[in-house]
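Throughout, a chain's letter reflects where its sequence line sits, starting with A, and its residues are numbered from 1. In what follows, every heavy atom counts, from backbone to side chain, and hydrogens, waters and symmetry copies are set aside.
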Number of protein chains: 2
Amino acid sequence: MLDKQERFKTLLKENGLKVTTQRIEILEALENRPDKHLTAEEIYECVKEKNPDIGLATVYRTIQLLTELNLIDKLNLGDGFVRYEIGRQGSDDKAHHHHHLICLNCGNVLTFQGDLLDTLEHHIQETMGFEVVDHEVKMFGYCKTCRKEAVKAKKSN
Amino acid sequence: MLDKQERFKTLLKENGLKVTTQRIEILEALENRPDKHLTAEEIYECVKEKNPDIGLATVYRTIQLLTELNLIDKLNLGDGFVRYEIGRQGSDDKAHHHHHLICLNCGNVLTFQGDLLDTLEHHIQETMGFEVVDHEVKMFGYCKTCRKEAVKAKKSN
DNA sequence: TTGGGTGCAAAGGCTTTGCATGTGA
DNA sequence: TCACATGCAAAGCCTTTGCACCCAA
């Protein structure tokens, strides 16, 4: 994942922006938690361990920057926080999004890769004349672990 | 859609809650805009035409109530507002969600019914052990009208 | 040197809450 | 009557913005 950082640096320079410690640290925080979907506050706490002087405003500003540069993706679970994750593709070709599986019990977010939505997109395009360029899929349910525990709890009753 | 209102009244009574003018008016506002996805503020403005004395807080409280009763659905387009729409099924059996098509040009939200996600859900269940109970699908792109206009604009160049 | 970047605190904008008053049952 | 509901205003909460100072280039 080092090339993501390189890419960031290049993009910054290309746009006449500066490569600062804070910006790199924020990207690193997101890279170190590839499975997590961090809130701004969580990123802030994360970076603060290494750099206690960083301000929350900087985190927000950098997040916005990273979003504009397509290096990270927003994720809204509807809990009042916007979450962020490292984007899956380095370039800006049509995104092959993964889907999010959100456990209603433990709150964990799993990801799932799949192309099965292509069919649906084609269908929408043909029947409704709507050209799909991106999509966002969230599945709510119960993860393997929680289901096992539910079964266990039932048995011990 | 009258039965939705009846259902609301019944549910209120069943829960020891009161049938008030405001609650009915708010549900009506949502019923009168079946295609729209109204924000709290929009519902407020809508109801205020008939009942200028209503307070925004009441709208928020009623929205929350309607959500808990499964009579309306939340929709988050990521623009900082939560939107609400009349739910599609009256009962609480497994939801047959429609999907949302959001035009990146005009901002209109279309809906699309489809079962094609069932396959995907089964797949997820089998490969990951994740039990899907609900889903939310948003497609971003360009609607028929906007695409036509884009073509027209191109020609006149 | 110098223009963009950062930190801090204040301001914004949506939503919730506290409280006194109002009202459906 | 009386518990629940409403309206208003204040408070909450996440996020953005203004401004003086700082620092990468």
Would you say the rings of H37(A) and H100(A) are close, in the sense that their centroids are separated by under 6.0 Å?
yes
Between K4(A) and E31(A), is there a side-chain N and carboxylate O pair less than 4.0 Å apart? no
Whole-Å distance, I54(A) CD1 to dG5(C) C1', equals 11 Å
L56(B) atom CG is separated from dA5(D) atom P, nearest whole Å, by 18 Å
Between CZ of R83(A) and P of dT15(D) the distance, given in whole Å, is 10 Å
* Salt-bridge contact E28(B)-K50(B) (side-chain N to carboxylate O under 4.0 Å) -> yes
From CG of D53(A) across to P of dC8(C) the rounded distance in Å is 7 Å
Taking for K13(B) and for A40(B) the nucleotide of DNA chain C with the nearest heavy atom, the one nearer the 5' end belongs to A40(B)
D79(A) atom CG is separated from dC13(D) atom C1', nearest whole Å, by 13 Å
### Message
When you measure from the side chain of R147(A) to the backbone of G129(B), do you find a donor-acceptor pair of N or O atoms at a distance under 3.5 Å?
### Response
yes
Here the distance between atom P of dG5(C) and atom CG of L12(A), to the nearest Å, is 8 Å
With sequence neighbours left out, the residues meeting side chain to side chain donor-acceptor pair (under 3.5 Å) with Q22(B) are none
I24(A) CD1 to dG5(C) C1', in whole Å, measures 13 Å
When rounded to whole Å, the CD to C1' distance for the pair E25(B) and dT6(D) reads 12 Å
With the side chain defined as heavy atoms from C-beta on, V82(B) is closest, among dG5(C), dC4(D), dT15(C), to dT15(C)
Between the side-chain atoms of R61(A) and the base atoms of dG7(C), is any donor-acceptor pair under 3.5 Å? yes
Please state whether the phosphate of dT23(C), meaning OP1 or OP2, lies under 4.0 angstrom from any side-chain nitrogen or oxygen of Q22(B).
-> no
- Hey, does the side chain of T20(A) come within less than 4.0 Å of dA24(D)'s phosphate (OP1/OP2), counting only N and O? no
Ranking dT15(C), dG7(D), dG5(C) by distance to the side chain of R23(A), first place goes to dG5(C)
The answer to which of K18(B) and G80(B) contacts DNA chain C further toward the 5' end, by nearest nucleotide, is G80(B)
### Task
Would you indicate, yes or no, if dT15(D) has its OP1 or OP2 atom less than 4.0 angstrom from a side-chain nitrogen or oxygen of Y60(A)?
yes
